[in-house]
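A quick write-up on the structure given underneath.
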Amino acid sequence: MSELVYEGKGVIVHIKGPVVEAEGMRGAKIREVVYVGEERLIGEIVRIEGDKAIIQVYEPTGGVKAGEPVERTGEPLSAELGPGLLGQVLDGLGRPLEVIAEKAGGPFITRGIKAPTLPRDKKWQWTPLVKPGDDVVAGDVLGTVPEGSVTHKIMLPPTIEKARVIEVLPEGDYTIEEPVVVVEHIGGKEEVKMYHKWPVRTPRPFREKLAPVELLVTGQRVIDTFFPIVKGGTSAVPGGFGTGKTVTLHQISKWADADVVVYVGCGERGNEMTDLLHTFPKLVDPKSGRPLLERSVLIANTSNMPVPAREASIFMGITYAEYYRDMGLHVVLTADSTSRWAEALRELSSRLEEIPSERGYPAYLPDYIASFYERAGRIKVQGRRDELGSVAVIGAVSPSGGDLNEPVTQHTMRYVGAFWALDKDLAFKRHFPSINWLRSFSKYTGGLKEWWIKNTGHDMMAYRDKAMALLQRASSLEEVARVVGEAALSDENRLVLLSAELIKEGFLVQNAYHEVDTYCSPKKQALLLKTLLEFYDRARPMIDAGVPVSRIAEMRSLGLLRRLKFVPEEEFENAVKEAIAQLEAEISSLLAEVR
Amino acid sequence: MSVYGLTYKGIDQVKGPLVIMRGVPGAAYEEVVRIYSEDGREWFGQVLEAGRDKVVIQVLGDTEGLDSNAMVKFTGSTLKIPVSDEMLGRVFNGAGEPIDGGPKIRADDYRDINGAPINPAKRDYPDEFIETGISAIDGMLSLVRGQKLPIFSESGLPHNEVAAQVARQAVVPGKAERFSIVFAAVGLKYDDVLFFRRQFEEFGALSRSVLFLNLANDPVIERITTPRVALTAAEYLAFDLGMDVLVIITDMTNYCEALRELSSAREEVPSRKGYPGYMYSDLASIYERAGRIIGRSGSITFMPILTMPGGDLTHPIPDLTGYITEGQIFLDLDLHNRGIYPPINVLPSLSRLMKDGIGPGKTREDHKEVSDQLYAAYSQGTKARELVQIVGEAGLSPREKLYLEFARRFEREFVAQGFRERRSIEETLDIAWDILSILPEAELTRISEKTLNKFHPKRRIAAQAEGE
């Protein structure tokens, strides 16, 4: 008598929050997606014990009973990859929020809603690039469709190693469900559609990983100049609440010179997500002149949405990022916040009754964080083309109690190339971005000297070192001043404080909500820093000549220098000339006075 | 509530607020149960774990007197409360039952107290200024309709007064309609509750208020449901009836402590200071119910109050709250001791939604810049004050002395105001200019030339003189 091996259905025996235990699951695979209960809630198998499976459910489980069925799909949790991703606003499982709202019939998210990521009825303008008889390998471009501000390449999916093209649909408009190419390989004939599915927890393949060398321009002065990140690089932004993590990430998502931006709102505020959804469609990409939303994929899994979906959302996001990278594009993924993601892991681990390690986090937390950041990089794409693509990953970290020694921050630090430590004291003073220049680092500065010279004509890294030295000196002088009072310092030292203050106010502080100041081009950054540094060089001889520092501090040109950053790019060079001219005039009159 | 339900006799184990039963198939997760003892006493509980072999029930209220022969009825429904406009003017307990001696309300609908998350794509962005009449809040921490802005306080500070003053004075400029108030007391002393009731009565808000009371001597476990029940009522008033609702819940610290107690009874792995690892998500499921929805006219503006244990901002309760809410109003013991009411320390305070709620057409065009300048200058002033402790006032530079004076006037004239004093936003900004004008203009780096010309008192006088 033969044994029934796979009937595709199990029975729930126990429910405890998002963790459900089911029997009759023999043959089920780890990470397989299942539908739980009468309402068919989406879940994923996380543990198998004999014919029992432990399932984490991505939706609230209130009202689910023992005895209800569990349906198997045989597939791991996957992302749908194809045209139609850009401009989408998705939840942590890749369901479009607009479709959820439509199906739920209201503004609240109800349970059991199934919604595919990509629109099935939309037609895309297909241009084939292969013809019957061509031999193709995984990653080869079969054709293109225009999508938003990018040319979307339809590639042979990584699952088909090599094949021969036998049919190609002619140029025209098709939906993603129509097989645009039919190929033949060892396994037989296979239809290739414009989209395919990819398991989110598996990194997508590439040919070779390369060292990242090109600056990722964010238009944020303290980042680009002092603690830069590169295309394909990684960065973490730790900071207590109110220090401006979210604004920093929003700014980067808006202004970074990337082809595609994936923003993952992971366990954060609903209203902030709404802010992004309201502003993105109105903002214009400075490069392409098209709405920023057209180059973005937004994932919104707010703090009150189910915890397991929060855990999945980051992997969903990085899979989308890798997919566009594979087309030879530069992608930035921003995740706000990776702490919420790690906490989701802790919560699930605790419900699975695993043995906790530091602060209740599971012992595999470091591997888990690494598995995310290591998916960043600059790579040679798969297929027979010489193209480079990159994914830069920028993750916010929300350390509990603002304590940077907690496990998530500490483990994250080990895997990132740049670290932007946000500072509560700076934030209280409304010094934004509140990136602390003494505690932050970037390992990429060494390789960027050439980039700045080539792109701006300025040796910016030399300016940077000079400014850093000034800031460092000022910081130790401030320590002294805290004890003896500023009045007790020598005029020479007080000039250092004044000049450092000018760099802070005139360069480091950047107003994200100011029309001009929100974005600063590398050219402007270089000229601005050079000009501000000149102040110290020019004022220094005055001290020797006997001009009191209090008179120097009263110069009107100092105010001009402080406000130079607000001058639009096209008027900037002239404004610099005027400010310098005024500075020179004031200096000579002060010098004349003391003589 | 549904009359459907299976009734079982026999409890396996009672452990603190938890009741464990075996051999009860068909119990649903989060289902409500009623437990009856042989001597006629009744309890109310909810399924925490639903298994074929074992069911764990969390009992609301004291389990004293519960025995293994009790009857347990499974109602087949999750915890729901009746809602209708009859709730207005009434007083309920933490389970949503009337305790003012009045009749039960006629339900328009029954709503699950856990609510459902608002779809982020259907949220409407909060950007309408609420004038509270309190300078420190309106000027520097502007509250907007649909925001969640907690008060971080300490025992002994006048947080109740601040919340009551906001409730009394808050208006959206240009809107005739006043806020409806949903007030939830979580583990509060009776005299605190009386204070609020008297206040609401005094300014005639009782008829547009709904009160949910869980007093200090009420069952601890009901503290878990009180905020959820209150917000369920608020959601109905706001999104079904189109009212602007101001929700005040005090004290969230008691809520978190109840959560810790329950978590420890469930033998869960604790995170920081014994609080459960899921406290962030749990608090989010409460705080995130504030907001506005596209296509609906009402709103929920949420002002939870929490007392920071030991005044410690990094304690898990204020810490996790701050990560979820859109800013915080920080009450300061030092300011209070110096006799300043409201003792709002603006430096660690923040309103994240302020930027879109202020400015031309909403408040005044100089609002943002004035606020930024006040922050920067006050921060300098407090730095100077610290310095005085070390070097004495004589050791300060003239510039530092000026900032010291600025900080003093800022606290005495801008922050301080009467409990019954209501300042319009114009008055607030004018006071700010008055104080800022003691600083030299070169110090006003956060204010543009244009704004200085239009609003700086000295320039206005100069402009007038020129005109004559």
Side-chain angles (χ1 to χ4, degrees), chain A residues 13-16 60-67 89 97-98 100-101 104 107-110 241-242 267 269-271 273-275 277-278 300 302-305 307 340 343 346-347 350 356 359-360 398 400-403 428-430 482-488 505 513 554 556 558-559 562-563, chain B residues 25-31 48-52 78 112 114-126 146 268-272 277-278 280-281 284-285 288 291 293-294 296 314 316 319 322-324 326-327 347-348 350 353 355 372 375-376 379 387 390-391 395-397 400 442 445:
Chain A
V13 291
H14 200 88
I15 308 121
K16 185 183 179 188
T61 49
V64 176
K65 292 192 193 81
V89 184
L97 287 175
E98 284 296 342
I100 292 180
F108 296 98
I109 299 177
T110 53
F241 62 86
R269 301 178 182 90
N271 278 333
M273 214 53 228
T274 309
D275 184 14
L277 302 185
H278 276 242
T302 55
S303 57
N304 55 341
M305 286 157 82
V307 172
R340 304 296 162 228
E343 280 165 13
R346 173 170 71 184
E347 196 169 326
S350 145
R359 289 217 191 164
S398 321
S400 49
D403 168 21
F428 284 1
K429 275 188 242 168
R430 300 310 189 255
R482 214 160 288 151
V483 184
V484 299
E486 207 186 305
E505 278 285 330
Y513 304 113
E554 279 166 9
R556 266 185 66 85
L558 206 52
R562 280 198 189 112
R563 295 199 188 104
Chain B
Y29 178 64
E30 289 189 338
E31 179 178 6
L48 273 190
E49 264 184 62
R52 195 178 46 187
T78 50
D112 191 317
N114 289 314
I118 303 178
N119 188 328
K122 289 292 150 196
R123 273 184 189 272
D124 204 352
Y125 190 61
E268 289 168 340
V269 180
S271 173
R272 278 173 75 209
Y278 51 79
Y280 176 83
S281 308
S285 73
E288 279 287 341
I293 290 176
I294 295 172
R296 313 244 171 137
T314 65
D319 188 49
Y323 275 121
I324 305 163
E326 282 127 7
L347 295 181
L350 171 73
L353 301 181
K355 61 182 169 71
D372 285 350
Y375 272 114
S379 149
L387 208 54
I390 305 165
V391 298
L396 297 187
S397 68
E400 284 163 340
T445 51

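So that the names make sense, note that chain A is the first sequence line, chain B the second, and so on, each numbered from 1.
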- Query: Do the side chains of Glu30(B) and Pro60(A) get nearer than 4.5 Å, heavy atoms only?
  - Reply: no
- Message: Quick check for you: to the nearest 0.5 Å, what is the distance between Ile15(A) atom CD1 and Glu31(B) atom CD?
- Response: 10.0 Å
- Sort out for me which of Arg296(B), Glu268(B), Lys355(B) touches chain A most, counting heavy-atom pairs under 4.5 Å. Lys355(B)
- Query: Is Tyr280(B) close to Ser303(A) at the side-chain level, that is, under 4.5 Å between some pair of heavy atoms?
  - Reply: yes
- Task: Find the one option among Val89(A), Val484(A), Leu558(A) whose heavy-atom pairs under 4.5 Å with chain B are most numerous.
- Result: Val484(A)
- Message: Check this for me, if you would: do Asp403(A) and Arg272(B) make a salt bridge, where the nitrogen-to-carboxylate-oxygen distance has to be below 4.0 angstrom?
- Response: no
- Task: Look at the rings of His278(A) and Tyr125(B) and say which category their plane angle falls in: under 30° parallel, 30 to 60° tilted, over 60° perpendicular.
- Result: tilted
- Query: Between Pro348(B), Gly26(B), Ala50(B), which shows the greatest number of heavy-atom pairs under 4.5 Å with chain A?
  - Reply: Ala50(B)
- Inter-residue atom distance Arg430(A).CZ - Ser379(B).OG, 0.5 Å rounding: 9.5 Å
- Note on the structure: Bottom line for Leu350(B): the part with an atom under 4.5 Å from chain A's heavy atoms is both
- Which atom pair, heavy atoms only, marks the closest approach of Phe428(A) to Tyr375(B)? O-CD2, 4.2 Å
- Side chain, backbone, both or neither of Val307(A) within contact of chain B (heavy atoms, under 4.5 Å): side chain
- Message: Given heavy-atom pairs under 4.5 angstrom as the criterion, report whether the side chain, backbone, both or neither of Ser398(A) touches chain B.
- Response: both
- Message: If you compare all heavy atoms of Leu277(A) against all heavy atoms of Ala121(B), which two are closest, and at what distance to 0.1 Å?
- Response: CD1-CA, 3.9 Å
- Could you give the distance from NZ (Lys16(A)) to OH (Tyr29(B)), rounded to the nearest 0.5 Å? 9.5 Å
- Note on the structure: Comparing Val64(A), Asp275(A), Thr110(A) against chain B, the one with the most heavy-atom pairs below 4.5 Å turns out to be Asp275(A)
- Most chain A-contacting option - heavy-atom pairs closer than 4.5 Å, from Ile294(B), Ile324(B), Asp124(B): Ile324(B)
- Message: How close do Leu353(B) and Asn271(A) get, counting heavy atoms only, and between which atoms?
- Response: CD1-ND2, 4.1 Å
- Query: With a 4.5 Å limit on heavy-atom distance, are the side chains of Pro120(B) and Asn304(A) in contact?
  - Reply: no
- Message: Quick one, Phe108(A) with Ile118(B), criterion side chain to side chain contact (heavy atoms under 4.5 Å, CB included). Give me CA distance, side-chain angles, the key distance, then yes/no.
- Response: CA-CA 4 Å; Phe108(A) 296 98; Ile118(B) 303 178; 3.6 Å; yes
- In terms of heavy-atom proximity below 4.5 Å to chain B, should Ala101(A) be classed as side chain, backbone, both, or neither? both
- Out of Arg269(A), Glu98(A), Lys429(A), Met273(A), which one racks up the most heavy-atom pairs below 4.5 Å with chain B? Arg269(A)
- Query: If you count heavy-atom pairs under 4.5 Å between each of Pro270(B), Gly322(B), Ala27(B), Pro126(B) and chain A, which one has the most?
  - Reply: Gly322(B)
- Item | Under 4.5 Å from any heavy atom of chain B - which part of Pro356(A) | side chain
- Among Gly242(A), Ala104(A), Gly67(A), single out the residue with the greatest number of heavy-atom pairs under 4.5 Å to chain B. Gly242(A)
- Query: Heavy-atom distance under 4.5 Å to chain B: side chain of Arg562(A), backbone, both or neither?
  - Reply: side chain
- Side chain, backbone, both or neither: which part of Arg340(A) has a non-hydrogen atom closer than 4.5 Å to chain B? side chain
- Picking from Gly360(A), Gly62(A), Ala66(A), which has the most non-hydrogen pairs under 4.5 angstrom with chain B? Gly62(A)
- Query: Arg563(A) versus chain B, heavy atoms under 4.5 Å apart: side chain, backbone, both or neither?
  - Reply: side chain
- Query: With side chains defined as the heavy atoms from C-beta onward, is the minimum distance between Arg52(B) and His14(A) less than 4.5 Å?
  - Reply: no
- Query: Heavy-atom distance under 4.5 Å to chain B: side chain of Arg346(A), backbone, both or neither?
  - Reply: side chain
- Given a strict heavy-atom distance threshold of 4.5 Å, which part of Glu400(B) is in contact with chain A: side chain, backbone, both, or neither? side chain
- Query: Given the options Gly270(A), Gly559(A), Ala488(A), which has more heavy-atom pairs under 4.5 Å with chain B than any of the others?
  - Reply: Gly270(A)
- Task: Heavy-atom pairs under 4.5 Å with chain A are the metric here; pick the option from Ile390(B), Leu347(B), Asp112(B) that has the most.
- Result: Leu347(B)
- Can you measure from CZ (Arg123(B)) to OG1 (Thr274(A)) and round to the nearest 0.5 angstrom? 5.5 Å
- Query: Taking Leu387(B), Thr314(B), Asn114(B), Asp319(B) one by one, which has the highest count of heavy-atom pairs under 4.5 Å against chain A?
  - Reply: Asp319(B)
